[in-house]
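Notes for the one structure printed next.
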Amino acid sequence: MIVRLTQPRLRPVSCLLVAVAMTASGCGGDDGDQDPADDAEGDVAVDTAGPPVDTTFVPPDVDETPPNVSLGEQAIAGICAKDSDCQSGYCNTYHPGGYCTQPCGGDNPECGEGSVCLYTEDSNGAKANLCLRSCTVTTQCRLDQFCATQAGVCTPRCQPGSCNAGFECDLIYGICQPEGPCEPAPEACNNLDDDCDGYIDNGCGPTPGSAPHVRVIDMGKATVGGGGLSRSFSFTPTPGAASFTIIALADNGREYYMGAYGVIGPDGVDLMGSGSPYDAPNRSFPSFDVFTVQVPNTDAVALQEGRYRFTFVRYPTEPGEVVPLGNVWVYVLENQRQEPFLSSMTANFWFVKTPGLTAASAPGDAKFQTLVTKFKQVMTNQGVDVAAINYYDVTGADADRFTILDTTDGDIDEHSELLAYSAALGNDDPGVNFFFVQGFTGWQLLGKAGGIPGPAFVNGTYSSGVAVSLSEYFTIDDDNLATNLTAETMAHELGHQLGLYHTTESDGTAFDHILDTPECPAAQYDSNGDGFVDPQECLPRGGTNLMFWTPSLVTQLSVGQRFVIHRNPVLE
């Protein structure tokens, strides 16, 4: 699924795990005098900004109500999926990405300033008089349109396979050109398809790592922004493959907020949908720096034989912002395992100034190894063997800065910046990164994942791993409870990083899109009327699922959830 330009921007609340009603644990309680400045003295930092945890604690709406940066109704030539997306009330869906227009001529009103009336195809493919945006140069048009100078209007660029017989789509200019022999030359990284393979500058970007079961297809460079869609890409899965994962990586400027506008299956169905991301067949959300979507990421979607087509869009970060043009590197990672249900993985443990725990000491620390054993057991129960663990330290000024993560400061916060620290490993490292911090500021947060899913075999991005608070690990007197809660947090955030959403969100109005996970709607199960559903209220409706929005100390996944995680390419 994707947030269309006419939808509010949503950041998935599912990448968070919040503690609530854990009265026995004292999770994140205020020690009365702790100051983050004391970190240098080796004290354990706890969150002093939030209320003490008790049964009345309500998690604040941080990250759950991001600012609305919708473009609103679009003018003539704007992107649209339905009539209500357009100021004119008419979306011409004949063209990819839609085209806001209105009838003209005859009894209909004439086109306004900046547009002209032309005889062209309507949504049904029939000819009609419609208003098109006027232009003299292509820069006056959105990214996926060009200025047809003879008519003087912004016209959709061609897509591969859309030209008439004897013509082919020029990927650079987006117009149909007469077919002719292409003379391959070595790719010169010059914004051209030198080697005639249909991709621009493939082999020139930061290629992801891989594994024996993964086929990496480097699709080169695409331009995003400019109020339009990128050029179209296509991919045909190998028969019997388990899944494929699309990754779009920002070339320069991590402020890119981007996603897939559509992923069209061989049957013509758009897996991203055209409404709320929560309603799409194959859910995904836009993200900064790198965008990742796995197909399928639910047992409700089957991987089909035939060609998939997909495009990207760069969204604004502020209302009314003119989105600048920029480039992304596009890759597809095909998971060639057939019907996987047992897997193994590597984990990278990073310690961020955690008292008494370093890369050198943690392998021999009895309590921490108890935590590791419990985490491994949780994953073994899901058919995942954590076969190898690497230990690293975050050092110097970065360790001081990221000891307690501030996740309340804008879209790109300290959590995002900490995950980018993984660049030190390079992309050949196959592990999932776990960053252990002393806590999070502002509210009762136990952990936070980089993405749903995160980018497999790509380190150094804002989505390259998960962060786990060790506040409860250090402050809960009962070591058994402390390690159980932290192990559940680790497994929960790993579930997000592998592609799982919360089975039920905190307010009981949004749910995952997996067929066999029960939903716990607040209208039926919020028995105390506090506006949130907790594990006790949802015991018969998924309250003990590992991916419920708050911990229950029970770690179950459904068959459908295991279907998703075992298709993530990072598992082997």
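On a predicted model such as this, the values are computed, not experimentally measured, just so you know.
Contact check for Thr245 versus Val295: no side-chain heavy atoms found under the 4.5 Å cut-off. Counting heavy atoms from C-beta outward, Leu546 and Gln561 have side chains that stay 4.5 Å or more apart. When side chains are defined from C-beta on, Val570 does not count as touching Met345, because their heavy atoms never get closer than 4.5 Å. The closest side-chain heavy-atom distance from Phe548 to Thr504 is below 4.5 Å. Between Phe291 and Met258 there is a side-chain heavy-atom pair separated by less than 4.5 Å. The shortest side-chain heavy-atom distance between His496 and Val466 does not fall under the 4.5 Å cut-off.
Here the closest non-hydrogen pair linking Arg142 and Ala77 is NH1-O, 2.8 Å. A pairwise comparison of heavy atoms in Ser232 and Arg309 identifies OG-CB, 4.1 Å as the closest pair. When all heavy atoms of Thr550 and Pro535 are compared, the pair lying nearest together is CG2-CD, 3.5 Å. Heavy-atom minimum distance, Arg231 versus Ile200: NH2-N, 3.5 Å. In terms of heavy-atom proximity, Pro455 sits nearest to Ser463 at CD-O, 3.3 Å.
With hydrogens and angles disregarded, no donor-acceptor distance shorter than 3.5 Å links the side chain of Arg314 to the backbone of Ser230. Remark: side-chain polar atoms of Glu472 are not paired, donor with acceptor, to backbone N or O of Thr486 under 3.5 angstrom. Under a 3.5 Å cut-off, the side chain of Asp428 and the backbone N or O of Gly209 do not form any donor-acceptor pair. Counting only distance, with no hydrogens or angles, the side chain of Asn282 and the backbone of Gln294 share a donor-acceptor pair below 3.5 Å. The backbone N or O of Thr555 sits less than 3.5 Å from a side-chain atom of Gln382, completing a donor-acceptor pair. With Asn297 contributing its side chain and Arg283 its backbone, the two residues share a donor-acceptor pair below 3.5 Å. Side chain of Asp201 to main chain of Gly220: no donor-acceptor pair is present (N/O by atom type, distance under 3.5 Å, no hydrogens or angles). Looking only at distances, no side-chain donor or acceptor of Asn433 sits under 3.5 Å from a matching main-chain atom of Gly465. Between the side chain of Glu488 and the main chain of Ser552, a donor-acceptor pair closer than 3.5 Å is present. Between the side chain of Thr489 and the main chain of Leu446, no donor-acceptor pair closer than 3.5 Å is present.
In this pair, Phe233 and Phe310 present their aromatic rings parallel. The plane angle is below 30°, not in the 30 to 60° band.
Once rounded to the nearest 0.5 Å, the distance linking SG of Cys520 with NE2 of His502 reads 14.0 Å. For the atom pair Tyr256 OH and Leu249 CG, the distance stands at 10.5 Å (nearest 0.5 Å). Remark: Glu493 CD to Ile452 CD1 distance equals 9.0 Å, nearest 0.5 Å. Atom OG1 of Thr395 sits about 10.0 Å away from atom CG of Asp400, to the nearest 0.5 Å. Rounding to the nearest 0.5 Å gives a distance of 5.0 Å between CD1 of Ile247 and OG1 of Thr292. Of the inter-residue distances, the one linking Asp413 atom CG with Lys448 atom NZ reads 4.0 Å to the nearest 0.5 angstrom.
A donor-acceptor contact under 3.5 angstrom links the side chains of Thr517 and Asp512, judged on distance only. Side chains of Asn459 and Asp429: a donor-acceptor N/O pair is absent below 3.5 angstrom, by distance only. Defined by atom type and a distance below 3.5 Å, a donor-acceptor pair is present between the side-chain atoms of His566 and Ser343.
For the side-chain contact (heavy atoms from CB on, under 4.5 Å) with Ile79, the qualifying choice from Asp85, Leu229, Leu143 is Leu229, the only one to do so. Of the residues Phe474, Tyr391, Phe349, the one that meets the side-chain contact (heavy atoms from CB on, under 4.5 Å) test with Leu357 is Phe474. Each of Trp350, Tyr392, Phe402 was evaluated against Phe435; a single residue qualifies, Trp350, per the ring-ring contact (aromatic ring centres under 6.0 Å, His included) test. Each of Phe244, Tyr199, Tyr308 was scored for a ring-ring contact (aromatic ring centres under 6.0 Å, His included) with Phe235, with one residue passing: Phe244.
Annotation: Phe351 is in aromatic contact with Phe368 [ring centroid separation under 6.0 Å]. With ring centers used as reference points, Phe436 lies 6.0 Å or more from Tyr473. The distance between the ring centers of Phe375 and Phe434 falls below 6.0 angstrom.
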Check: Does the side-chain contact (heavy atoms from CB on, under 4.5 Å) test come out yes or no for Val533 and Glu519, once each step is laid out?
Finding: CA-CA 11 Å; Val533 289; Glu519 299 177 355; over 6 Å; no
Note to self: Does Phe312 form a side-chain contact (heavy atoms from CB on, under 4.5 Å) with Ile246? I'd like the steps, not just the answer.
What the structure shows: CA-CA 11 Å; Phe312 301 98; Ile246 301 168; 3.7 Å; yes
Note to self: For a side-chain contact (heavy atoms from CB on, under 4.5 Å) check, start with the C-alpha distance between Trp329 and Lys221, then their side-chain angles and the critical distance, and finish with the verdict.
What the structure shows: CA-CA 5 Å; Trp329 300 102; Lys221 185 187 293 184; 3.5 Å; yes
Margin query: Test side-chain contact (heavy atoms from CB on, under 4.5 Å) on Arg401 and Glu414; report intermediate values, then the result.
Written below: CA-CA 8 Å; Arg401 180 184 178 200; Glu414 289 183 353; 4.2 Å; yes
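Cys86-Cys80 SG separation is not under 2.5 Å; the pair is not scored as a disulfide.
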